[in-house]
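Let me give you the structure first, and then I'll get to my questions.
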2 protein chains.
Amino acid sequence: MSDFFVQKLRHGASLSEDDERALRALCMNVDKFDPQNDVTMEGDKPKSIKLVLEGWACRYKLLENGKRQIISLFLPGDMCEPYMTLPQFMDHSLGTLTPVTVARVSPEVIKAVARERPQIEKALWWDLLLAMAMGRESIVTLGRRSASERLGHLFCELHVRLDKVGLVDGLGYEMPLTQSNLGDLLGMSTVHVNRSLQELRAAGLVTMHGRRVTILNLEGLRSTSLFDPTYLQSYTQA
Amino acid sequence: MSDFFVQKLRHGASLSEDDERALRALCMNVDKFDPQNDVTMEGDKPKSIKLVLEGWACRYKLLENGKRQIISLFLPGDMCEPYMTLPQFMDHSLGTLTPVTVARVSPEVIKAVARERPQIEKALWWDLLLAMAMGRESIVTLGRRSASERLGHLFCELHVRLDKVGLVDGLGYEMPLTQSNLGDLLGMSTVHVNRSLQELRAAGLVTMHGRRVTILNLEGLRSTSLFDPTYLQSYTQA
DNA sequence: CGGTTGCTTGAGATCCATCAATAGGAGTGG
DNA sequence: CCACTCCTATTGATGGATCTCAAGCAACCG
């Protein structure tokens, strides 16, 4: 069974057996999507909170000039919206990158669960605050990091995030994004993604082949990419 | 009296007289800061939520290579942290850009007020969700907009935000950022900020002189900057 | 006044985007 | 199994956007 959501939230609060059961009970209403599909489109009025149970998805916007920016990645266990309030209409789209299993959760139900179970409320807040911290770091990345630093930083962040849900094995992890996806995520062209990946490879830091990232030198990668994991930890209790 | 906070939150929920009094009562504990000073530094353990009553401030990070990225601007009435949980330590700094008056609010007090007054809770959530939407738009700006589009988009966003707190007059508004500040905010060099401003001026769209922005052609500015205000409205009730 | 800060301009270097073409790999149908 | 197609990855060449360095200028301030 795919338990990534519970596994992730355990990092945000200590959950009892009952808490975990309550969380799993939220994930009954499940949909499956093909890769490169929209779960929700800009302008839609959402009726449920989406939870990624399996696969990779993203939040993105399209500009009038045709350019696309991926705003954030959703990995297994990630929630696509804050639990409290849904927008009147979406100002962005949610799309899949791989085959994805999504749970639709009613905001009323999740609010009720959060009210009854303080540890769940705490964990949901932790998740939200972590997402905000990652958003802030994205701004720094796009504003001030070079192309290869952006890639290296992303691989470091994914390493930490995937580790939280048990999806890191040994030297690396499955990473199903195409170079074109990486371009949309990191604000660069596909061609330049390719060349920057070659730089990282030549420096003996990381390789990306097939759908897999292999980290050859984690410390080196972190320092050359200016990766400081502080932002992923500042809301986690000691 | 500086009432920007209440004025802003009115856009997020309809507040009663009592609600507004309760909000004002939160702002008793006030500090003043000089321009270009830190209110809170990265690594600090914060004990209070900061509320900008007057002046402009920002959230920023410094990279190891000395570069600075401003992550978000705080205008009068803006809250610097979500009301629910403070981090164990700051992953970024809060700094002033002008002389700033800050209210320090204890999270316990604000949580209590939110629990007793549902409209306040709603307004605080609205504020948080709006801040997140602005953060998403920043990512799009930094990832996919050209230098002059970034500037134009910023001026459009500020026009909307300042209008919400009554700080727009006629053709423009006070805008105390230096060109160096704009560079740190928009991920570009000071020199290039200067040249891009000249482009906007030459196109008859906007001018920036002294501490003032004057919008010469709002529709033109919005369309050339790819500014779509949707993201600032999607959580506002009809 | 002299010092400081912010703005402006020029020149040259660098990074990255764009365009265009090729190559590889996976899936499909005959 | 082969031919075909599609998608992704790769490479080269060129131009444009932006950065860096350096210098001059303007406004403000004690």
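Chain identifiers are assigned alphabetically (A, B, ...) following the order of the sequence lines, protein sequences preceding nucleic acid strands; residue numbering begins at 1 within each chain.
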>> I'd like to know if A:E157 pairs up with A:R161 as an ion pair, taking the criterion as any Lys NZ or Arg NE/NH1/NH2 lying under 4.0 Å from an Asp or Glu carboxylate oxygen.
In response: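 Salt bridge: yes.
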>> Rounded to whole Å, please give me the gap between CZ in A:R195 and P in D:dT14.
In response: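 The distance from CZ of A:R195 to P of D:dT14 comes to 13 Å, rounded to the nearest Å.
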> With a 4.0 Å cut-off on heavy atoms, is A:G187 in touch with a base, just the backbone sugar-phosphate, or nothing at all?
Replying inline: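 Result for A:G187 = sugar-phosphate.
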>> By the 4.0 Å heavy-atom rule, please label B:T190 as base, sugar-phosphate, or nothing.
In response: nothing
>> How many whole angstroms separate atom CG of A:N65 from atom P of D:dA17?
In response: 14 Å
> Please give, in whole Å, the distance from D:dA9 C1' to A:L177 CG?
Replying inline: 15 Å
>> Tell me the interatomic distance from B:H209, atom NE2, to C:dC7, atom C1', rounded to whole angstroms.
In response: 9 Å
> Do B:R59 and B:S72 meet the criterion of a side-chain donor-acceptor pair at a distance under 3.5 Å?
Replying inline: yes
> Between A:R212 (CZ) and D:dT8 (P), how many Å, whole number?
Replying inline: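 One finds 21 Å between P of D:dT8 and CZ of A:R212, rounded.
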> Whole-Å distance between D:dT11 P and A:H192 NE2?
Replying inline: 15 Å
> Is it true that A:R212 and A:E174 make a salt bridge, defined as a side-chain N closer than 4.0 Å to a carboxylate O?
Replying inline: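 Salt bridge flag = yes for A:E174 with A:R212.
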> What does B:T178 touch in the nucleic acid at a heavy-atom separation under 4.0 angstrom: a base, only the sugar-phosphate, or nothing?
Replying inline: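 Sugar-phosphate only.
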>> Assuming nearest nucleotide by heavy-atom distance, tell me which of A:R144 and A:G210 is located more 5' along DNA chain D.
In response: A:G210
>> Given the ring of A:Y60, does A:R68 sit roughly above its face, with NZ or CZ under 6.0 Å from the centre of the six-membered ring and within 45° of the axis?
In response: yes
> Under 4.0 Å between a Lys/Arg side-chain N and an Asp/Glu carboxylate O for B:D3 and B:R24?
Replying inline: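 Looking at B:R24 together with B:D3, the answer is yes, because their closest N to O distance falls below 4.0 Å.
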> Could you give the CD-to-C1' distance, from B:Q198 to C:dT8, as a whole number of Å?
Replying inline: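 From B:Q198 CD to C:dT8 C1': 7 Å.
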> Which sits closer to the 5' end of DNA chain D, B:S196 or B:V191, going by the nucleotide each is nearest to?
Replying inline: B:S196
>> I need the CG-C1' distance between A:L182 and D:dT8, as an integer number of Å.
In response: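 Atom CG in A:L182 sits about 12 Å away from atom C1' in D:dT8.
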>> Whether B:N194 contacts C:dC7 is assessed here as follows: a side-chain N or O lying under 4.0 Å from the phosphate OP1 or OP2. Is that the case?
In response: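 For C:dC7, neither OP1 nor OP2 has a side-chain N or O of B:N194 closer than 4.0 Å.
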